[in-house]
Amino acid sequence: MEAFKILPVLKKKLAFLSGGKDRRSGLILTIPLCTEQTSMEELSATLDYLLSIPSEKCKARGFTVIVDGRKSQWNIVKTVVLMLQNVIPAEVSLVCVVKPDEFWDKKVTHFCFWKEKDRLGFEVSVLEVFCFSGQRKSTCLSSESNILPSFDPETVLQTGHELLSELQQRRFNGSEGGGGGGTAWSPMDDELLAQPQVMKLLDSLREQYTKYQEVCRQRSKRSQLEEIQTKVMQVVNWLEGPGTEQLRTQWGIGDSIRASQALQQKHEEIESQHSEWFAVYVELNQQIAALLSAGDEEDLMELKGLQQQLSDACYRQASQLEFRQNILQSAHEFHMTAQDLSQQLDGLLGMLCADVAPADGAAIQQTLKHLEEKLKSVEGALQSLREKGQVLLDQMSTQTSFSYGKDVSIENKENIDHIHSVMEDMQLRKQRCEDMVDVRRLKMLQMVQLFKCEEDASQAVEWLGELLDALLKTHIRLGDDSQETKVLLEKHKKFVDVAQSTYDYGRQLLQATVVLCQSLRCTTRSSGDTLPRLNRVWKQFTVTSDERQHRLEMAIAFHTAAEKILRESPELAELMVDVEAYEEVETVGKGLLDRLTVPVIFPDGSEQFFGSPGDMASSAESIRERMKLVEEKRFLQEEAEQRLDEEALEAGPRES
């Protein structure tokens with residue numbers, strides 16, 4: 001909008017921006033209403049132009065509109081305020097209406113806006129101005145007082161003194177003229193009578209002026225005292241009225257951090273309003289102290305009473321504000337602790353609900369340690385919540401002394417129930433988490449047992465493999481005689497028993513892993529690996545041990561047969577041995593030698609020899625030597641038998 005288009009309207013100054021700002025840094029818009037009828041269209045055009053001047057940033061802070069209705073009527077003031085609601089409701093944050101001067105207009109304006117306060121879109125503050133200047137004050141004083149004159153007493157006294165001096169001078173001049181022989185001036189009778197009357201009147205005026213000065217001093221003192229009393233009552237009435245009502249409506253503690261912060265912000269606004277009245281209290285207290293130090297005895301009790309009344313009201317309200325601030329601070333700390341505990345419980349619950357797939361026992365131990373630390377932290381947070389909740393409950397229990405006779409048990413019941421509800425809810429959540437931690441701990445311990453069983457089963461497989469390796473590489477000797485071979489066979493049986501117990505131990509561990517996996521509802525890592533390896537190694541060991549036992553048994557049979565032949569005095573040739581014994585030794589020996597050259601064939605088709613080729617050759621050489629001795633014994637026996645046959649043939653012809 002361009003100014004030249006509405007220049008005649010702007011010259012009427014129906015509204016203007018003074019350049020001042022309110023406490024929110026918003027601009028102040030003034031609408032001075034006059035006794036003449038104000039055109040709403042022209043006022044609306046003026047407002048549209050003025051509101052187009054500031055920037056959007058300034059508009060965002062809002063406007064404070066001052067509607068000066070002292071020279072207007074209440075219906076015009078009401079129309080202007082309602083027009084503000086329809087024209088610029090978004091930009092207006094506060095409207096200050098100065099009441100009209102007329103008594104009935106003043107009362108109607110206040111009642112009108114009190115009735116319309118719920119329908120307006122902004123706050124309306126109704127103000128009353130008594131006197132705005134020194135001239136107005138003096139006018140009010142002259143019109144209301146019959147004691148103070150409308151003339152200047154000092155001027156009257158000065159005029160009276162001048163008149164008396166003139167009369168005395170004229171009388172003195174008349175006396176000098178008569179003594180010189182000239183024509184003497186003779187004062188008139190009225191002038192002679194006027195001089196004592198003037199003197200008497202001056203004395204009376206001096207006395208009245210002295211009384212007048214005393215009356216002025218007393219009235220000034222009384223006026224100052226009444227002004228202080230009025231201000232004191234304004235402070236006391238506001239503190240015990242609107243101020244107390246503001247605090248009386250603030251009983252909540254909120255149900256979250258955000259709600260408690262909003263209540264704290266509202267309380268700061270209330271404190272800001274109270275601080276203005278507390279500043280007035282400080283100023284009034286200083287004024288009263290000055291009057292007490294220089295005041296009269298008759299005003300002393302009244303001033304002390306005002307000072308005591310003011311101090312009591314301010315200290316009581318300050319205590320109420322401090323108490324409310326402490327409760328809000330405790331409530332904020334309580335809600336912060338509750339939120340922190342809730343987050344910890346959520347984290348612990350999420351950790352407990354997640355699937356666990358630890359790699360080994362060390363990872364399980366670390367997880368268990370982390371769970372214990374989390375649970376300990378939750379316990380500490382819950383204890384802190386109980387302490388802060390108890391502090392808040394204790395503070396609220398002492399709130400009765402600040403209630404101005406109001407029963408706060410009903411007001412605080414909701415807050416107390418909320419505090420107990422939060423603590424009970426956190427206790428239940430913590431108990432549920434503890435139960436889940438116990439279940440998780442049991443599961444973890446079962447997993448530790450599972451891993452231990454798997455590790456021990458793998459160890460059993462390794463031990464069985466080591467026994468197989470030892471059997472193939474070190475269990476080679478067949479003994480030099482039957483006795484030694486029998487000892488080796490006994491040792492072999494014990495060795496097999498050890499391997500059997502190792503195999504059974506591994507089988508039990510694998511069965512335990514199956515049971516634990518069923519309990520944990522998981523698959524064991526050993527179910528498809530360790531058991532086949534255990535069975536494969538055990539089968540290889542069984543085949544090898546059977547072969548070893550067969551060789552030892554054959555060696556025992558060989559040595560027993562050989563020893564039977566060799567033990568029966570090989571030097572005595574006449575002692576004959578059955579041919580079957582020699583054949584048995586030869587047959588068993590050859591079979592044993594053949595068996596030493598044959599490898600062990602495992603179920604999977606693989607082959608493995610006992611010991612090294614040198615070890616096999618040494619065992620075979622020992623058998624061959626024993627077989628050689630038996631052959632020599634057989635040869636000697638055959639020679640002996642042949643000699644016996646020859647001797648028998650020779651003895652036959654001689655007998656014939």
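Below, all heavy atoms of this structure are taken into account, side chains as well, without hydrogens, waters or symmetry copies.
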Quiz item: So, Ser397 side chain and Asp394 main chain: donor-acceptor pair closer than 3.5 Å or not?
Solution: yes
Quiz item: What is the distance from atom CE of Met444 to atom NZ of Lys369, rounded to the nearest 0.5 Å?
Solution: 15.0 Å
Exercise. Decide if atom CZ of Phe16 counts as having more than 12 heavy atoms of other residues, nucleotides or ligands within a radius under 6.0 Å.
Key: yes
Quiz item: Between Gln383 and Arg386, does a side chain to side chain donor-acceptor pair (under 3.5 Å) hold up when you go through it step by step?
Solution: CA-CA 5 Å; Gln383 181 62 30; Arg386 292 195 190 100; 3.2 Å; yes
Quiz prompt | Distance, nearest 0.5 Å, that separates CD1 of Ile257 from CZ of Phe334 | solution = 11.5 Å
Quiz item: Say you draw a straight line from NE2 of His335 to CD of Gln261; how long is it, rounded to the nearest 0.5 Å?
Solution: 10.5 Å
Quiz item: Below 4.5 Å, heavy atoms only, C-beta onward: do Lys71 and Leu33 meet side chain to side chain?
Solution: no
Exercise. Answer yes or no: is there a donor N or O on one side and an acceptor on the other, between the side chain of Lys59 and the main chain of Leu51, under 3.5 Å?
Key: yes
Quiz item: Quick one: are Ile31 and Ile66 in side-chain contact, heavy atoms under 4.5 Å?
Solution: no
Quiz item: Should Lys13 and Pro32 count as side-chain neighbours, where that means a heavy-atom distance under 4.5 Å?
Solution: no
Quiz item: Is a side-chain donor or acceptor of Thr46 paired with a backbone partner of Glu42 at a separation under 3.5 angstrom?
Solution: yes
Quiz item: Counting distance only, does the side-chain N/O of Asp340 pair as donor-acceptor with the main-chain N or O of Met336 below 3.5 Å?
Solution: no
Quiz prompt | Heavy-atom side-chain contact between Leu239 and His274 under 4.5 Å | solution = yes
Quiz item: Is there a donor-acceptor pair closer than 3.5 Å between any side-chain N or O of Ser44 and the backbone N or O of Met40?
Solution: no
Practice problem: Please work out which of the three classes, parallel, tilted or perpendicular, describes the rings of Trp277 and Trp238, given edges at 30° and 60°. | Solution: parallel
Exercise. Could you pull out the closest heavy-atom pair between Ala381 and Gln344, with the gap in Å?
Key: CB-NE2, 4.0 Å
Quiz item: Where is the tightest heavy-atom contact between Leu27 and Pro54, given as atom of each residue plus distance?
Solution: CD1-CG, 3.5 Å
Practice problem: With the side chain counted from C-beta on, respond yes when Thr337 and Glu387 share a heavy-atom pair under 4.5 Å apart, and no when they do not. | Solution: no
Practice problem: Take Gln307 and Asn285 through the test side chain to side chain donor-acceptor pair (under 3.5 Å) and record every step on the way to the result. | Solution: CA-CA 7 Å; Gln307 188 180 36; Asn285 199 30; 2.8 Å; yes
Quiz item: For the residue pair Glu240 and Ala313, what are the closest heavy atoms and their distance?
Solution: OE2-CB, 4.3 Å
Quiz item: For Asp417, does its backbone N or O pair with a side-chain atom of Ser421 as donor and acceptor, under 3.5 Å?
Solution: no
Quiz item: What do the steps show when you test His332 against Ile253 for side chain to side chain contact (heavy atoms under 4.5 Å, CB included), and what is the final call?
Solution: CA-CA 8 Å; His332 183 67; Ile253 59 173; over 6 Å; no
Quiz prompt | Side chain proximity check, Asp22 to Leu94, heavy atoms < 4.5 angstrom | solution = no
Quiz prompt | From CD (Gln395) to CG (Leu392), nearest 0.5 Å | solution = 6.0 Å
Quiz prompt | CG-NE2 distance between Asn415 and His420, expressed to the nearest 0.5 angstrom | solution = 11.0 Å
Quiz item: Hey, does the side chain of Ser377 reach the backbone of Glu373 with a donor-acceptor pair shorter than 3.5 angstrom?
Solution: no
Quiz item: Do Glu283 and Lys231 sit within salt-bridge range, that is, some charged N less than 4.0 Å from a carboxylate O?
Solution: no
Quiz prompt | Point-to-point distance, once rounded to the nearest 0.5 Å, from CE of Met436 to CG of Leu348 | solution = 8.0 Å
Exercise. Under the side chain to side chain contact (heavy atoms under 4.5 Å, CB included) rule, what do Val378 and Leu341 come out as? Steps first, then yes or no, please.
Key: CA-CA 6 Å; Val378 166; Leu341 177 57; 3.9 Å; yes
Quiz item: Are the side chains of Val232 and Ile288 in touch, meaning some heavy atoms are under 4.5 Å apart?
Solution: yes
Self-check item: Audit row: Arg429, Ser342, side chain to side chain donor-acceptor pair (under 3.5 Å) steps and yes/no
Solution: CA-CA 9 Å; Arg429 291 178 60 185; Ser342 178; 3.0 Å; yes
Quiz item: Got a salt bridge between Asp435 and Arg432, using NZ or NE/NH1/NH2 to carboxylate O under 4.0 Å?
Solution: no
Quiz item: Is the backbone of Gln308 close enough, under 3.5 Å, to the side chain of Ser311 for a donor and an acceptor to pair up by distance?
Solution: no
Self-check item: Any side-chain heavy-atom pair of Ile28 and Phe63 under 4.5 Å
Solution: no
Exercise. Of all the heavy-atom pairs spanning Leu385 and Met426, show the shortest one and how long it is.
Key: CD2-CG, 3.7 Å
Quiz item: Any donor and acceptor pair, going by atom type alone, linking the side chain of Ser260 with main-chain N or O of Ser256 inside 3.5 Å?
Solution: yes
Self-check item: Minimum heavy-atom distance between Leu29 and Ala15, given as atom pair plus value
Solution: CD1-CB, 4.4 Å
Practice problem: Give a yes or no answer on whether the side chain of Gln317 reaches the backbone of Gly243 with a donor-acceptor pair at less than 3.5 Å. | Solution: yes
Self-check item: Verdict with reasoning, Lys388 to Val391, per side chain to side chain contact (heavy atoms under 4.5 Å, CB included)
Solution: CA-CA 5 Å; Lys388 295 185 184 299; Val391 169; 5.5 Å; no
Exercise. Could you point out which residue of Leu371, Leu345, Asp438, Asp346 forms a side chain to side chain contact (heavy atoms under 4.5 Å, CB included) with Cys433?
Key: Leu345
Quiz item: For Gln309 and Leu306, what are the C-alpha separation, side-chain angles and deciding distance, and is it a side chain to side chain contact (heavy atoms under 4.5 Å, CB included)?
Solution: CA-CA 5 Å; Gln309 183 181 9; Leu306 289 175; 4.3 Å; yes
Practice problem: Mind listing the closest non-hydrogen atom pair of Ile6 and Ala45 along with its distance? | Solution: CD1-O, 4.0 Å
Self-check item: More than 12 heavy atoms of other groups within 6.0 Å of Glu322 CD
Solution: no
Quiz item: Going by the salt bridge (Lys or Arg N to Asp or Glu O under 4.0 Å) test, which pairs reach into residues 374-385, not counting sequence neighbours?
Solution: Glu379-Lys430
Please tabulate, for side-chain N and O atoms in residues 263-272, each donor-acceptor pair with protein atoms closer than 3.5 Å (sequence neighbours left out).
{"unit_1": "His267", "atom_1": "NE2", "unit_2": "Glu271", "atom_2": "OE2", "d": "3.2"}
{"unit_1": "His267", "atom_1": "NE2", "unit_2": "Leu321", "atom_2": "O", "d": "3.2"}

